[in-house]
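The structure appears right after this line, and notes come after that.
In what follows, chains carry the letters A, B, and so on, assigned in the order in which the sequence lines appear, proteins first and then strands, with residues in each chain numbered from 1.
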Number of protein chains: 2
Amino acid sequence: MKNSVTIRDVAKHAGVGVGTVSRVLNNNPSVSDLTRQKVLSVIDSLNFSPSQAARRLSRGKTMAVGVVVPFFTNPSVVKRLQGVISVIATSQYDLVLFDVENAEDRDGLLKNIIQREIVDGLLIISLKPSENDVTEIVEANVPTVIVDAEHPGFSRVIVDNVAGARQATEHLIQLGHHQIAYLNDDPTNPFNNAPTHDRYQGYLQALEGAGIPVRAGYYRQGTLDRESARHLTRELLQLPDPPTALFVYSDTQAIGVLEAARDLGLNVPEDFSVIGYDDIEAAKLLHLTTIRQSLYESGVIGGQLLLEQMLEPSLEPDEVVLETELIVRGTTAPLSS
Amino acid sequence: MKNSVTIRDVAKHAGVGVGTVSRVLNNNPSVSDLTRQKVLSVIDSLNFSPSQAARRLSRGKTMAVGVVVPFFTNPSVVKRLQGVISVIATSQYDLVLFDVENAEDRDGLLKNIIQREIVDGLLIISLKPSENDVTEIVEANVPTVIVDAEHPGFSRVIVDNVAGARQATEHLIQLGHHQIAYLNDDPTNPFNNAPTHDRYQGYLQALEGAGIPVRAGYYRQGTLDRESARHLTRELLQLPDPPTALFVYSDTQAIGVLEAARDLGLNVPEDFSVIGYDDIEAAKLLHLTTIRQSLYESGVIGGQLLLEQMLEPSLEPDEVVLETELIVRGTTAPLSS
DNA sequence: CTGTTAGCGCATTCAC
DNA sequence: GTGAATGCGCTAACAG
């Protein structure tokens with residue numbers, strides 16, 4: 001049966017009051033060494049361990065942080081989560097995980113988490129909270145930090161997507177490409193569409209900077225999976241005047257792009273250059289040229305920000321911007337004339 | 001500030017007692033429709049939501065399940081966890097995640113989880129609990145299920161590793177290979193070494209079944225990473241009489257194997273056949289022939305077993321054995337003479 | 001059907 | 001320094 005030793009049992013056995021036991025439990029200095037030792041030994045012999053539930057109610061703190069992730073399936077999200085886990089594990093907090101797989105999940109999830117008062121802090125990954133959620137969080141005064149999404153009200157760690165996309169596109173331009181297409185994420189994605197817009201902007205900026213006209217026909221958008229990317233790339237490559245290079249919103253999609261090229265008998269990078277974004281594990285395996293963002297590190301920093309925030313709730317929201325890095329591998333090459 | 005509306009406020013505003021409010025909160029049928037409506041509307045207008053902490057203490061239930069995973073880094077573990085998440089999300093339980101990265105973490109973690117009474121149920125993935133942990137769990141009477149590890153005391157979902165390994169090795173034999181090496185996980189791995197032994201047994205059985213003598217020099221073991229596998233494979237391939245085929249404990253290691261073959265200028269599968277185990281995402285990308293185990297499904301079933309177990313704690317431990325499947329892709333071929 | 005009361009196990013006053 | 005009392009917010013048992 002349950003280990004139902006309570007603080008009262010300990011008090012009785014040690015011949016002290018419950019208050020004293022509680023004090024030694026919380027390292028309250030105003031306990032004499034003698035009684036402290038006595039209590040400690042009784043705790044040990046009774047194999048007592050305080051009930052979290054009671055402690056939580058009494059102190060009004062849950063000693064848990066909530067982490068909300070969209071599409072736990074997504075490799076980049078997993079990587080970020082890893083970073084978060086690594087820092088939360090060093091703290092006293094438990095980690096409660098919430099996965100949101102669709103828009104219905106999301107609406108109300110945050111509100112629900114807040115209202116049930118099950119966490120002392122919230123870490124939101126790659127998900128833009130709705131305005132309703134935001135007011136809910138603010139009213140409840142729950143320390144919150146966001147990783148890979150923007151909101152001025154909260155501490156956040158983001159990456160400069162405009163710059164990263166520019167970097168990718170400029171790499172292609174430097175290789176001599178002028179017919180550069182862009183395969184985007186679906187910007188109607190309800191979760192977090194800022195990166196979608198930003199990367200497109202970066203793409204446009206790079207083209208404009210090089211004086212290359214933007215061709216509407218070289219733009220495609222689709223969901224974050226391989227199949228969709230494969231299909232759209234085929235469209236692109238079967239254009240009368242197909243692009244010679246393609247910048248893809250994510251590595252996951254880039255995998256589908258590579259498949260499409262193979263389907264059509266095109267050699268990458270000789271006939272067709274491809275650059276992705278994220279640098280997930282698979283990118284290395286496939287020798288995919290890509291833009292690396294510090295996925296794991298973003299989680300670590302996010303976790304640290306949250307811990308600080310919970311310690312010092314009065315802190316102003318902080319913004320950390322992570323650098324991107326161009327990783328040249330085997331899917332981009334100079335334009336062959 | 002905190003939303004400090006309590007059940008008492010609701011009772012006052014609705015002109016009823018707290019007991020009644022509690023009843024409607026818990027869908028207790030013995031409340032008249034009229035008062036139920038009244039209470040409900042007050043709850044709504046006050047934006048009241050019961051405190052989990054109080055509820056937990058009062059009911060002696062946490063409404064949370066703990067999930068313990070080793071090496072959150074490991075792709076196969078992530079996949080299993082996904083399955084677990086998908087079913088827990090459909091329940092009323094929150095999911096508290098614990099990652100164990102080293103042996104020190106593990107010792108005491110389970111005990112700690114149990115003693116703090118923070119979960120109503122426990123799901124352990126790819127980790128064999130120590131005997132101390134087991135007695136702790138049994139004494140505390142916490143419903144527990146294990147995924148990808150054995151223990152007679154608990155419900156578990158496992159895969160027949162002997163059969164899977166036999167299947168892999170037989171595939172190689174059928175292709176005409178006689179010089180078949182095995183690259184194993186490190187069996188001193190303190191977390192869960194049963195699969196290590198079992199797969200080795202399956203390998204041996206297949207060889208014996210075909211009358212192929214076992215060569216000690218064709219056995220290597222190392223950690224679950226690419227680098228180690230790469231190194232050990234090079235050793236194997238530089239033997240005076242190198243193997244023509246290799247069965248690898250995991251897909252992760254198989255990636256390193258492929259790298260080693262490339263390092264040495266060997267063509268896979270023409271010169272050297274490789275078969276992995278797990279069928280993680282990367283296996284498909286690399287066209288790796290492998291043994292698929294239902295990773296995601298194992299998590300789903302594990303989650304379901306746990307939910308059942310919590311509903312009906314008197315249930316006998318159940319064992320579910322999942323089938324493996326040979327997935328032939330591009331890294332195995334007939335022995336070229 | 002419904003109001004009242006007594007805990008759940010601990011933290012935290014307040015006196016001594 | 002330490003014991004006793006009060007309350008955290010809710011559930012459940014007991015009357016009515």
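- Residues from residues 9-19 of chain B that place a heavy atom under 4.0 Å from any atom of DNA chain C, listed by number: G15(B), V16(B), G17(B), V18(B), G19(B).
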Determine whether F154(B) and L122(B) satisfy the following criterion, side-chain contact (heavy atoms from CB on, under 4.5 Å), listing intermediate values before the conclusion. CA-CA 11 Å; F154(B) 307 115; L122(B) 211 47; over 6 Å; no

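- Taking only distance into account, the side chain of S30(B) never meets the base of dC1(C) through a donor-acceptor pair shorter than 3.5 Å.
- Ring-plane geometry between F72(A) and F72(B) is classed as tilted, the angle between the planes lying from 30 to 60 degrees on a 0 to 90 degree scale.
- Rounding to whole angstrom units, CD of residue Q37(A) and C1' of dT2(D) are separated by 17 Å.
- The base of dG9(C) has none of its N or O atoms less than 3.5 Å from a complementary donor or acceptor on the side chain of R56(A).
- The nearest heavy atom of DNA chain D to P29(A) and to A53(B) marks one nucleotide each, and the one closer to the 5' end goes with P29(A).
- The interatomic distance linking N26(B) (CG) with dA12(D) (C1') rounds to 10 Å, in whole Å.
- Taking atom CD1 of residue I7(B) and atom C1' of nucleotide dG3(C), one finds them 13 Å apart after rounding to whole Å.
- Residue R59(B) places no side-chain N or O under 4.0 Å from the OP1 or OP2 atom of dA12(D).
- With rounding to whole Å, R116(A) atom CZ is found 16 Å from dC10(D) atom C1'.
- Enclosure of atom NZ in K38(A) by more than 12 non-hydrogen atoms of other residues, nucleotides or ligands within 6.0 angstrom is indicated.
- The shortest non-hydrogen separation linking L307(A) to I88(A) is CD1-CD1, 4.1 Å.
- When the C1' atoms of four end pairs are superposed on the next four at each end of the helix from dC1(C)-dG16(D) to dC16(C)-dG1(D), using five pairs per end, the two resulting axes differ in direction by 40°, to 10°.
- Of the listed nucleotides (dG9(C), dT2(D), dA11(C)), dT2(D) has the atom at the smallest distance from the side chain of V31(A).
- T35(A) has no side-chain polar atom (N or O) that falls below the 4.0 Å cut-off from OP1 or OP2 of dG1(D).
- In terms of polar N and O atoms assigned as donor or acceptor, the side chain of R8(B) never comes within less than 3.5 Å of the base of dT4(C) in a complementary pairing.
- Using modelled atom types, one side-chain atom of N192(A) and one backbone atom of D148(A) make a donor-acceptor pair closer than 3.5 Å.
- Here S51(A) lies in heavy-atom contact (under 4.0 Å) with sugar-phosphate atoms only.
- Residue-level contact check: S22(B) touches the bases, meaning some heavy atom is under 4.0 Å from a base atom.
- In terms of position along DNA chain C, the nucleotide closest to R23(B) lies nearer the 5' end than the nucleotide closest to the other residue of the pair R23(B) and S58(B).
- With S58(A) contributing its side chain and R55(A) its backbone, the two residues share no donor-acceptor pair below 3.5 Å.
- Without hydrogens or angle criteria, T135(B) side chain to N132(B) main chain gives a donor-acceptor distance under 3.5 Å.
- At least one donor-acceptor pair under 3.5 Å links the side chain of N26(B) to the backbone N or O of S22(B).
- Protein atom NZ of K61(B) is 19 Å distant from nucleotide atom C1' of dG9(D), rounded to whole Å.
- Considering every non-hydrogen atom in both I118(A) and T62(A), the closest pair reads O-OG1, 3.3 Å.
- Separating the CE atom of M63(B) from the P atom of dC10(D) is a distance of 16 Å, rounded to the nearest angstrom.
- One interatomic measurement links the two molecules: CD of Q115(A) to P of dG9(D), which rounds to 15 Å at whole-angstrom precision.
- Looking at N193(A) and T196(A), their side chains never bring a donor and an acceptor atom within 3.5 Å of each other.
- What separates CD of Q52(B) from C1' of dG9(D) is a distance of 12 Å, to the nearest Å.
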